[in-house]
**Q** 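So that we are looking at the same thing, I have put the structure below in structure tokens.
What's counted below: heavy atoms across the whole structure, side chains too, no hydrogens, waters or symmetry copies.
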Amino acid sequence: MSRAQNEWLLYLYAESPLHAGAADASGVIDLPIQREAGTGYPVVWGQSLKGALRQAARDDGWDPDILRTVFGSDPPSGAAPGEDGADAADRAEAAAGQGASTAGLLAVGDAQLVALPVPTLQQTFAWVTSDLALARLARKYLALPEEMRPRLGPPERTLDGVALATNAKWCGKSRDEVLGPLVVPLAEKPDAAVVAWAERIAGDGIGEDDVFEPFADKLKRDLLVVDDDVMPELNRDCTEVVARVQLNSGKTVEHGPFYSEYLPAETLLVASLTLRASELSELVVDEVKELLHGRQIQIGGDETIGKGLVWCRLVGAGIESAVGAA
């Protein structure tokens with residue numbers, strides 16, 4: 001089996017608000033989400049995602065030996081919450097002079113933002129992406145077999161600050177649209193590249209099974225592409241910030257209020273997965289596909305109050321796609 005046959009993209013489609021927590025407070029937000037330092041884009045770091053995938057496999061009843069082979073050594077008892085066990089164990093054992101533990105055969109990349117749901121004055125909300133997010137997505141597809149790579153170019157932007165759309169209802173001369181806290185002008189007509197990307201993201205990232213079809217159809221109609229000066233502000237202002245308190249046994253406030261940040265439901269993210277197959281049987285490869293493709297798992301904190309539920313979809317060799325290569 002070639003290396004490319006074990007390169008997948010893992011789309012994550014948020015069913016409920018998702019809190020993958022950062023280490024430090026940010027401004028008035030006590031529990032912010034993880035963000036990239038350079039861009040400010042929301043992200044789920046690879047070590048957090050790998051830990052969540054490991055837990056999903058454990059909950060699914062994987063054999064301990066297969067679990068260790070795929071995901072690496074079990075976490076040490078002192079591993080910090082949210083850390084992937086193999087990475088934490090590597091650091092702990094190296095510090096003790098005992099050598100590195102087994103890292104496992106599955107490499108998990110950061111889950112980067114594809115599209116963020118943003119409130120609008122029409123259609124309730126639109127999915128908003130950016131030139132940077134689409135360029136990154138196109139780059140991730142290069143890891144897949146050539147026949148599975150979408151032959152899609154970036155949108156052609158002739159005016160800075162203008163959003164591009166898939167559907168004529170968003171467009172028109174002198175047409176402005178409220179996107180979250182901003183008023184953004186829209187292009188005069190739909191952009192063919194944005195239409196093609198919307199088809200690809202809807203098919204690969206959401207799927208077109210009966211229960212997902214309305215959401216895939218909405219994304220095809222309501223995907224907007226803003227330029228890279230607009231997206232950072234939407235990334236800051238269109239997440240959910242919730243005030244919370246902790247009660248004691250007498251139902252009075254013991255701690256708080258404190259503020260938690262979440263990626264909203266309907267957010268789309270994507271990560272690269274690499275599974276080295278030279279030492280694996282086809283059965284184990286199938287186990288990974290069965291675990292992640294079309295399944296719901298939990299990522300991040302606040303799982304006991306229903307947060308962090310995401311639908312997973314794999315794209316790669318051996319995975320039936322809803323769309324063909326474009």
**Q** Who passes side-chain contact (heavy atoms from CB on, under 4.5 Å) against A56, sequence neighbours left out?
**A** L291, I297
**Q** So does L314 get a backbone contact from the side chain of H293, meaning a donor-acceptor N/O pair under 3.5 Å?
**A** yes
**Q** Looking only at heavy atoms, what is the nearest atom pair of G40 and N235, with distance?
**A** O-CB, 4.3 Å
**Q** Which residue pairs pass the salt bridge (charged side-chain N to carboxylate O under 4.0 Å, His left out) test with at least one member in residues 257-267, sequence neighbours excluded?
**A** R35-E261
**Q** Does the cation-pi check pass for K50 over F71, that is, NZ or CZ under 6.0 Å from the six-membered ring centre and within 45° of its axis?
**A** no
**Q** Would you give me the side-chain donor-acceptor pairs under 3.5 Å for residues 212-226, sequence neighbours excluded?
**A**
from: K218; atom 1: NZ; to: Q123; atom 2: O; distance (Å): 3.0
from: K218; atom 1: NZ; to: F125; atom 2: O; distance (Å): 2.9
from: K218; atom 1: NZ; to: D222; atom 2: OD2; distance (Å): 2.8
from: K220; atom 1: NZ; to: E208; atom 2: OE2; distance (Å): 2.6
from: D222; atom 1: OD1; to: K169; atom 2: NZ; distance (Å): 3.1
from: D222; atom 1: OD1; to: W170; atom 2: NE1; distance (Å): 3.0

**Q** Whether the side chain of S16 engages the backbone of G308 through a donor-acceptor N/O pair (distance < 3.5 Å, no angle test) should be reported.
**A** yes
**Q** Using a 3.5 Å distance criterion without hydrogens, assess whether the side chain of D227 forms a donor-acceptor pair with backbone atoms of G161.
**A** yes
**Q** With sequence neighbours excluded, tell me which residues meet ring pair (Phe, Tyr, Trp, His ring centres under 6.0 Å) with Y13.
**A** none
**Q** Heavy-atom distance under 4.5 Å between the side chains of H19 and K307, does that happen here?
**A** no
**Q** Run the salt bridge (Lys or Arg N to Asp or Glu O under 4.0 Å) test against D60 and tell me which residues pass, sequence neighbours left out.
**A** R295
**Q** Side chains of S48 and Q34: donor-acceptor distance under 3.5 Å anywhere?
**A** yes
**Q** When you check the gap from the basic side-chain N to the acidic O, do E156 and K189 get nearer than 4.0 Å?
**A** no
**Q** Decide whether Y11 and W127 are clustered together by the hydrophobic rule: side chain heavy atoms of Ile, Leu, Val, Met, Phe, Trp, Tyr closer than 4.5 Å, transitively.
**A** yes
**Q** Got L10 and V108 here, is their nearest side-chain heavy-atom distance under 4.5 Å?
**A** no
**Q** With no hydrogens and no angle check, do the side chains of E15 and W311 hold a donor and an acceptor under 3.5 Å apart?
**A** yes
**Q** Donor-acceptor pair, distance only, cut-off 3.5 Å: does the side chain of W197 make one with the backbone of G153?
**A** yes
**Q** Looking at residues at least two apart in the chain, or sitting in another chain, which of them share a side-chain contact (heavy atoms from CB on, under 4.5 Å) with L142?
**A** R149
